[in-house]
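Working notes, structure below.
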Amino acid sequence: MAPQTRRMAFPKVLVERDTDSEESSSDDEEEVEEEEGPQSESEEEKVVVTKGGNGATVEEKKKGKAPITISLKKVCKVCKKPGHEAGFKGATYIDCPMKPCFLCKMPGHTTMTCPHRVTTEYGVVPAPHKNTHNRLDFVFQRQLRPRIPPIKAAYVIPDQVCCAAIRYHSRRVTSLEFHPTKNNILLSGDKKGQVGVWDFVKVHEKMVYGNIHTCIVNNMRFNPINDDTVFAASSDGTVSCTDLETGISSSLMNLNPDGWQGPNNWRMLYGMDTNSERGVVLAADNFGFLYMLDTRSNRKAGEAILIHKKGSKVVGLHCNPVQPEILLSCGNDHFARIWDMRRLEAGSSLCDLSHRRVVNSAYFSPVTGNKILTTAQDNRLRIWDSIFGDLGSPSREIVHSHDFNRHLTPFRAEWDPKDPSESLVVVGRYISENYHGAALHPIDFIDVSTGQLVAEVIDPHITTITPVNKLHPRDDILASGSSRSLFIWMPKEKSESVEPKDERKIIFCGTDEKKFKRKFGGESDDDSDDDGCGSKGKNLKSKSTKSKVKKKSAEFPHKGKY
DNA sequence: ATGCTATGCATCC
DNA sequence: TGGATGCCCTAGCA
């Protein structure tokens with residue numbers, strides 16, 4: 001066959017070895033680089049290289065033409081250049097110095113030396129001192145600002161895993177929603193279209209609805225006039241209305257009534273919110289259009305309106321909590337836009353907030369509705385302090401690692417609905433941190449009025465990234481979706497009283513206990529290093545209030561390096 | 001232990 | 001403008 005005949009006429013192979021590093025051989029990966037010759041038969045060449053590695057620098061192959069030179073010099077796997085290497089060194093990731101900083105995206109330094117990676121001021125860009133002469137802004141500064149209590153209420157950070165449902169979903173979690181009145185009910189949607197209803201106090205009381213949607217559940221909202229029913233928007237192009245008591249679901253709208261007509265015609269619904277004043281559900285699709293659905297007649301109210309760049313995905317919708325006629329949208333055209341629903345037509349936005357990348361989410365603040373928080377794929381949280389002020393540029397930009405990754409649910413920073421000062425925000429972090437030898441991805445609590453990192457919440461068991469987070473409307477509880485798992489966090493004191501009282505209060509579902517124990521070695525989990533995690537790992541995360549921020553460098557000695 | 005892959009945006013021409 | 005291509009810290013399964 002062909003390989004044989006080729007072999008006969010195979011040219012001379014020269015293996016060029018790495019000269020500047022002695023410990024190059026053995027277990028470390030070695031990148032193979034062809035410098036000339038035919039690119040085809042790469043399989044054969046790899047064989048030659050591995051054999052050539054032990055001893056002979058030149059391997060003769062019968063009669064040849066021009067010799068093939070194979071370089072065994074170590075190259076960076078990111079930029080393919082020699083002299084440095086990127087990748088994990090233990091639990092710490094080393095950036096490629098040839099690329100812009102992975103965190104702030106600016107050239108000239110790496111994540112390790114990024115000025116935004118500072119212990120107590122992680123991700124902070126100082127708030128620009130704006131001296132606007134806008135009249136409304138003036139009124140706000142003079143008359144409204146003084147009435148806002150200057151002292152912030154002390155918020156409590158849920159920092160202890162109370163219970164977790166391992167592999168409750170069979171695909172990654174994409175959305176979470178707490179029940180508005182029943183304290184212990186959490187809804188979760190996944191990439192497969194399944195919707196889970198979980199009573200996280202009676203942890204085994206759970207229900208998974210697999211017949212509501214056929215793919216990604218992008219957003220869920222409870223019906224404001226009947227909180228036994230919930231709306232969900234999905235990439236299958238439908239908005240569902242499900243009765244949680246009976247499990248009966250109906251479809252308010254189907255954008256793909258004729259089924260699959262090719263990718264250019266398949267419509268997906270992403271952003272969704274309810275407007276109780278109008279009795280409508282708002283949903284937006286991947287082509288830039290907004291739909292209004294009457295919840296009583298289950299029909300479309302009016303025509304679809306183009307609210308973002310034609311053909312671009314609208315990923316988020318939010319009605320202002322105080323003035324429901326004011327709508328906030330965001331999407332893949334790098335904009336968040338403010339609309340007045342009384343005068344809603346293409347191009348009629350009140351304001352366009354520009355971003356450098358896709359905007360994953362945009363939310364009004366939960367109490368006054370006066371602030372805006374956005375999460376964008378340029379690794380920045382943006383805050384506008386007053387929708388009545390100058391919206392030309394954000395009041396603050398906070399550099400925070402929540403990179404876009406096609407395999408993860410997009411990160412969305414969420415307000416704490418209980419914080420009257422509207423400054424506490426929760427958001428998962430993408431970049432891992434070396435916590436005593438383990439690379440973990442914390443969930444960050446950030447004070448967006450200062451940009452300060454208030455707490456970073458981790459658990460040695462949770463090694464995956466946690467992009468989906470939601471804070472409870474009344475209790476000090478955080479719900480997290482990480483890959484296929486759900487987690488409920490509480491302040492340490494409270495979690496102590498929760499049943500069952502196993503060591504870590506982790507509840508397993510189905511066969512996952514075996515896998516989990518195989519991975520983590522049962523009770524004695526971490527074997528990292530002397531001061532490592534293990535049961536002592538609990539100490540890692542016992543910082544519950546903002547007053548402990550300063551202590552963080554002591555509790556995380558490694559962070560001092562940055 | 002290693003390899004594969006689902007998958008979304010940016011960039012290029 | 002649109003199709004092809006490539007991609008730095010994924011997660012889980014074969």
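Chain letters run A, B, ... following the sequence lines, proteins first and then strands; every chain starts at 1.
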Which atom of Glu433(A) lies closest to which atom of Arg117(A), heavy atoms considered: OE2-NH2, 2.7 Å
Reckon Ser483(A) touches a base, only the sugar-phosphate, or nothing at all at heavy-atom distances under 4.0 Å? sugar-phosphate
Regarding Asn332(A), tell me which of base, sugar-phosphate or nothing describes its non-hydrogen contacts under 4.0 Å with the strands shown. sugar-phosphate
Closest to the Arg357(A) side chain, choosing from dT11(B), dC9(C), dC8(C): dT11(B)
Does a side-chain N or O from Arg484(A) land closer than 4.0 Å to OP1 or OP2 of dC13(C), or not? yes
For Thr214(A), check side chain to side chain contact (heavy atoms under 4.5 Å, CB included) against everything at least two apart and list the hits. Asp236(A)
d(NE2, His334(A); P, dG8(B)) in whole Å: 16 Å
Determine whether a donor-acceptor pair (N or O, by modelled atom type, separation under 3.5 Å) exists between the side chain of His318(A) and the backbone of Gly316(A). no
Output all residues satisfying side chain to side chain donor-acceptor pair (under 3.5 Å) with Ser432(A), sequence neighbours left out; order by chain, then residue number. none
Using atom CD of Glu433(A) as one end and atom C1' of dC9(C) as the other, report the distance to the nearest whole Å. 12 Å
Within this structure, what is the CZ-to-C1' distance between Arg171(A) and dT10(C), rounded to whole angstrom? 14 Å
Nearest whole Å is fine: how far is dG6(C) P from Lys77(A) NZ? 18 Å
Pro97(A) near the nucleic acid: base, sugar-phosphate alone, or nothing, with a heavy-atom cut-off under 4.0 Å? nothing
Mind checking side chain to side chain contact (heavy atoms under 4.5 Å, CB included) for Arg357(A) and listing every partner two or more places apart, or none if nothing turns up? Gln377(A), Asp378(A)
I want to confirm an ordering. Mapping Arg172(A) and Val358(A) to their closest nucleotides on DNA chain B, which one lands closer to the 5' end? Arg172(A)
From NE2 of His402(A) over to P of dT10(C), roughly how many Å is that when rounded to an integer? 17 Å
What residues, two or more places apart in sequence or in another chain, satisfy side chain to side chain contact (heavy atoms under 4.5 Å, CB included) together with Ser175(A)? Val217(A), Met220(A), Arg412(A)
Glu85(A) CD to dC8(C) C1', in whole Å, measures 14 Å
Measure from NZ on Lys310(A) to C1' on dG2(C) and round the result to the nearest Å. 16 Å
What's Lys99(A) touching, base or sugar-phosphate or nothing? Going by heavy atoms closer than 4.0 Å. base
All side chain to side chain donor-acceptor pair (under 3.5 Å) counterparts of Asn332(A), not counting sequence neighbours: none
Closest nucleotide of DNA chain C for Ile465(A) versus for Tyr93(A): which of these residues is on the 5' side? Tyr93(A)
What interatomic distance, in whole Å, is found between P of dC8(C) and the corresponding atom of dC12(B)? 14 Å
Would you please name every residue forming a side chain to side chain donor-acceptor pair (under 3.5 Å) with Asp285(A), sequence neighbours left out? Arg267(A), Tyr291(A)
Think Lys313(A) has a side-chain N or O under 4.0 angstrom from the OP1 or OP2 of dC9(B)? yes
Could you go through nucleotides 4-6 of chain B and list every protein N or O atom that sits under 3.5 Å from one of its N or O atoms, giving the distance for each pair?
from	atom 1	to	atom 2	distance (Å)
dA6(B)	N6	His407(A)	NE2	3.3
dA6(B)	N1	His407(A)	ND1	3.1

Please work out whether the ring planes of Phe200(A) and Trp198(A) are parallel, tilted or perpendicular, with thresholds of 30° and 60°. perpendicular
Quick check for you: among dC9(C), dG12(C), dG8(B), whose closest atom lies nearest to any side-chain atom of Thr464(A)? dG12(C)
Could you tell me how far apart Phe88(A) (CZ) and dT10(C) (P) are, to the nearest whole angstrom? 6 Å
Applying side chain to side chain contact (heavy atoms under 4.5 Å, CB included), can you list everything that pairs with Ser235(A), at least two apart in sequence or on another chain? Cys215(A), Ile216(A), Asn218(A), Met268(A), Tyr270(A)
Stems where DNA chain B pairs, listed by first number, each of three or more Watson-Crick or G-U pairs under 3.5 Å: B:2-6 with C:10-14, B:8-13 with C:2-7
